[in-house]
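A short worksheet on the structure shown next.
In what follows, residues are counted from 1 in the order of the sequence shown.
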Amino acid sequence: MKIRKIPLRTCVITKESLPKKELLRIVRTPEMEVKVDESGKLNGRGAYIKKDLNVLDAAKKNRILEKRLECKIEDSVYEEIKNIIEK
């Protein structure tokens, strides 16, 4: 039986390489909307962050996601991310 490769992605905040399931994908769509992509399949420019509230606070404080996605991110998006992490 062949061993399946686990897809790894890098968190833009902590620079850790982690399995996709431990990360959350944030996407800037072609219409310049920022959305949380739980499926991992939305079209657009994506950035991964670790599912951790401390990492989310660092992202908001340092505006790292805004720099990576090259657009302004509303507070409502950060609240949505926080709700998903707390699940």
Side-chain angles (χ1 to χ4, degrees):
M1 180 181 242
K2 191 173 184 179
I3 299 174
R4 292 189 61 155
K5 182 178 169 187
I6 299 172
L8 296 177
R9 299 293 182 266
T10 303
C11 174
V12 295
I13 313 315
T14 64
K15 307 291 190 230
E16 293 177 81
S17 289
L18 298 166
K20 277 176 81 171
K21 294 185 183 219
E22 294 180 26
L23 299 168
L24 193 58
R25 185 170 184 248
I26 315 303
V27 177
R28 184 198 72 206
T29 64
E31 294 81 31
M32 299 301 285
E33 295 177 76
V34 177
K35 296 183 179 183
V36 179
D37 182 13
E38 293 187 73
S39 69
K41 298 187 188 301
L42 278 178
N43 264 354
R45 182 176 186 84
Y48 289 89
I49 65 166
K50 189 174 178 182
K51 291 181 182 177
D52 185 357
L53 292 177
N54 294 330
V55 173
L56 178 61
D57 290 339
K60 189 173 182 179
K61 180 180 167 188
N62 299 327
R63 299 183 179 193
I64 294 172
L65 281 176
E66 291 183 10
K67 292 173 189 170
R68 293 294 171 136
L69 298 177
E70 301 169 353
C71 69
K72 177 84 172 106
I73 298 177
E74 301 295 325
D75 287 337
S76 61
V77 176
Y78 286 114
E79 286 299 317
E80 184 181 351
I81 295 168
K82 183 178 178 184
N83 292 335
I84 291 170
I85 291 173
E86 290 176 340
K87 282 185 189 175

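- Leu53 places a side-chain heavy atom less than 4.5 Å from the side chain of Lys82.
- Of all heavy-atom pairs between Gly44 and Pro30, the closest is CA-CD, 4.3 Å.
- Side chains of Leu18 and Tyr48 form no contact here, defined as non-hydrogen atoms less than 4.5 Å apart.
- Atom CZ in Arg28 sits 6.0 Å away from atom CZ in Arg45 (nearest 0.5 Å).
- For the pair Ile49 and Ile81, the minimum side-chain heavy-atom distance is below 4.5 Å.
- Under the 4.5 Å side-chain heavy-atom criterion for Ile, Leu, Val, Met, Phe, Trp and Tyr, Leu8 and Val12 are members of distinct hydrophobic clusters.
- Using a 4.5 Å cut-off between side-chain heavy atoms of Ile, Leu, Val, Met, Phe, Trp and Tyr, with links allowed through other members, Val27 and Leu23 fall into different hydrophobic clusters.
- Exactly one of Leu56, Ile85, Val55 qualifies for a side-chain contact (heavy atoms from CB on, under 4.5 Å) with Lys50. That residue is Val55.
- Side-chain atoms of Asn62 never come within 3.5 Å of backbone atoms of Ile64 as a donor-acceptor pair (strictly under, hydrogens ignored).
- In this structure, Lys72 and Val34 have side chains that are not in contact, with every pair of non-hydrogen atoms separated by 4.5 Å or more.
- Note that NZ of Lys20 and CD1 of Ile6 are 12.5 Å apart. Values are rounded to the nearest 0.5 Å.
- Residue Lys61 qualifies as open at atom NZ: its count of foreign heavy atoms under 6.0 Å is 12 or below.
- Contact annotation: the side chain of Val36 approaches that of Ile26 to within less than 4.5 Å [non-hydrogen atoms, C-beta and beyond].
- For the pair Asp37 (side chain) and Leu42 (backbone), a donor-acceptor distance under 3.5 Å is present.
- For Arg68 against Ala47, the heavy-atom pair with the smallest separation is CB-CB, 4.4 Å.
- Under the 4.0 Å criterion applied to side-chain N and carboxylate O atoms, Lys51 and Glu22 are not assigned as salt-bridge partners.
- A distance of 7.5 Å separates SG in Cys71 from CD in Glu66, rounded to the nearest 0.5 Å.
- Summarising the geometry, atom NZ belonging to Lys60 is positioned 4.5 Å from atom CG belonging to Asp75; distances are rounded to the nearest 0.5 Å.
- Distance check: Met32 CE to Leu69 CG gives 9.5 Å after rounding to the nearest 0.5 Å.
- In Asn43, the CG atom is not crowded: 12 or fewer heavy atoms of neighbouring residues, nucleotides or ligands sit closer than 6.0 Å.
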